[in-house]
Trainee: 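Can you read through this structure? Questions will come right after.
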Amino acid sequence: MASVGPSTASTQPALPSGPAVFKTIPYAFILPEIVCGTWVWILVAATSVSLPLLQGWVMYVSLTSCLISLLLLLSYLMGFHRNSENWKVLDSLYHGATAILYMSAAVLQANATINSELGPNSPLYYQLNSAASFFAFLTAFLYILHAFSIYYQ
């Protein structure tokens with residue numbers, strides 16, 4: 001006779017593995033985060049980094065975040081998480097911290113854009129810096145959205 005009691009099955013949804021990562025919110029945000037972050041890095045590098053103190057931080061944050069997010073995406077695709085709740089905490093903490101760092105980088109990139117308006121090669125560098133600022137704020141927004149989506153899941 002089966003016992004009638006509370007179910008031992010977890011009520012938490014399973015973490016996605018394989019291609020299901022691209023169909024599940026918030027994990028589907030990882031690929032756009034990587035793509036937008038790569039654009040930030042490429043666009044800032046194309047300006048020959050005329051303001052190294054400001055844009056050095058932007059390049060550091062974008063490149064480091066891109067690489068760590070790529071490793072996280074590969075971990076989800078390979079199923080390294082084994083449906084552990086600790087992965088949700090790790091994911092939330094990483095994306096929350098990265099959102100803060102990316103917001104600081106986006107503000108510094110916007111400052112570099114303003115400073116490049118009157119510099120040498122101003123039309124080209126201003127346009128590249130403007131595009132980098134746009135992608136930096138977009139990427140920061142994606143990281144914020146990912147962190148809160150994990151938290152409210």
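These values consider heavy atoms only, across backbone and side chains, with no hydrogens, waters or symmetry-generated copies.
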Trainee: Is H95 reaching over with its side chain to a backbone N or O of D91, donor-acceptor style, under 3.5 angstrom?
Mentor: yes
Trainee: If I take atom CD from residue Q55 and atom CG from residue N115, how far apart are they, to the nearest 0.5 angstrom?
Mentor: 9.0 Å
Trainee: Does M59 have any side-chain contact (heavy atoms from CB on, under 4.5 Å) partners at least two apart in sequence or in another chain, and if so, which?
Mentor: W41, V44, A45, V49
Trainee: How far does OG of S133 sit from CG of N111, to the nearest 0.5 angstrom?
Mentor: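 Result: 9.5 Å between the selected atoms.
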Trainee: Would a single hydrophobic cluster contain both I68 and V58, if residues Ile, Leu, Val, Met, Phe, Trp and Tyr are joined by side-chain heavy-atom contacts under 4.5 Å?
Mentor: yes
Trainee: Between F135 and S62, does the side chain to side chain contact (heavy atoms under 4.5 Å, CB included) criterion hold? Intermediate values first, please.
Mentor: CA-CA 10 Å; F135 280 109; S62 63; over 6 Å; no
Trainee: Can you give the donor-acceptor pairs under 3.5 Å from side chains of residues 98-110 to other protein atoms, not counting sequence neighbours?
Mentor:
residue : atom : partner : partner atom : Å
T98     : OG1  : Y94     : O            : 2.7
S104    : OG   : W57     : NE1          : 3.1
S104    : OG   : L101    : O            : 2.6
Q109    : NE2  : N129    : O            : 3.4
Q109    : NE2  : N129    : OD1          : 2.9

Trainee: Using the rule that Ile, Leu, Val, Met, Phe, Trp and Tyr join whenever any side-chain heavy atoms are under 4.5 Å apart, tell me whether V40 and Y60 fall into a single cluster.
Mentor: yes
Trainee: Does a donor on one side chain and an acceptor on the other come within less than 3.5 Å for S130 and T113?
Mentor: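 There is no such pair between these side chains.
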Trainee: When clusters are formed from ILVMFWY side-chain contacts under 4.5 Å, directly or step by step, what else is grouped with L53?
Mentor: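 So far as hydrophobic clustering goes, L53 is joined with none.
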Trainee: Flag yes if V61 and L93 sit in one hydrophobic cluster, no otherwise; membership is Ile, Leu, Val, Met, Phe, Trp, Tyr, and two members link when side-chain heavy atoms are under 4.5 Å apart.
Mentor: no
Trainee: Consider only side-chain heavy atoms of I, L, V, M, F, W and Y, link residues closer than 4.5 Å, and tell whether Y143 and V35 are in one cluster.
Mentor: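 Linked within one cluster.
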Trainee: To the nearest 0.5 Å, what is the distance between CG on L77 and CG on L72?
Mentor: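 Spacing of CG (L77) from CG (L72) equals 10.0 Å.
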Trainee: Please identify each residue that fulfils side-chain contact (heavy atoms from CB on, under 4.5 Å) with C66, with sequence neighbours left out.
Mentor: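 Partners of C66 under the side-chain contact (heavy atoms from CB on, under 4.5 Å) test: I34, T38.
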Trainee: Mind checking what makes side-chain hydrogen bond (donor to acceptor under 3.5 Å, both in side chains) contact with S65, not counting sequence neighbours?
Mentor: none
Trainee: Which value, rounded to the nearest 0.5 Å, describes the distance between T47 atom OG1 and I42 atom CD1?
Mentor: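 Answer rounded to 0.5 Å: 12.5 Å.
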Trainee: Looking only at heavy atoms, which two atoms of F29 and H146 are closest? And how far apart?
Mentor: CB-ND1, 3.8 Å
Trainee: Could you measure the distance from the OG atom of S92 to the CH2 atom of W87? Nearest 0.5 Å is fine.
Mentor: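 Taking OG in S92 and CH2 in W87, the distance rounds to 14.0 Å.
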Trainee: Shared ILVMFWY cluster between I30 and L71, side chains joined below 4.5 angstrom?
Mentor: no
Trainee: Give the intermediate values and the outcome of side chain to side chain contact (heavy atoms under 4.5 Å, CB included) for residues C36 and L142.
Mentor: CA-CA 9 Å; C36 291; L142 287 170; 4.1 Å; yes
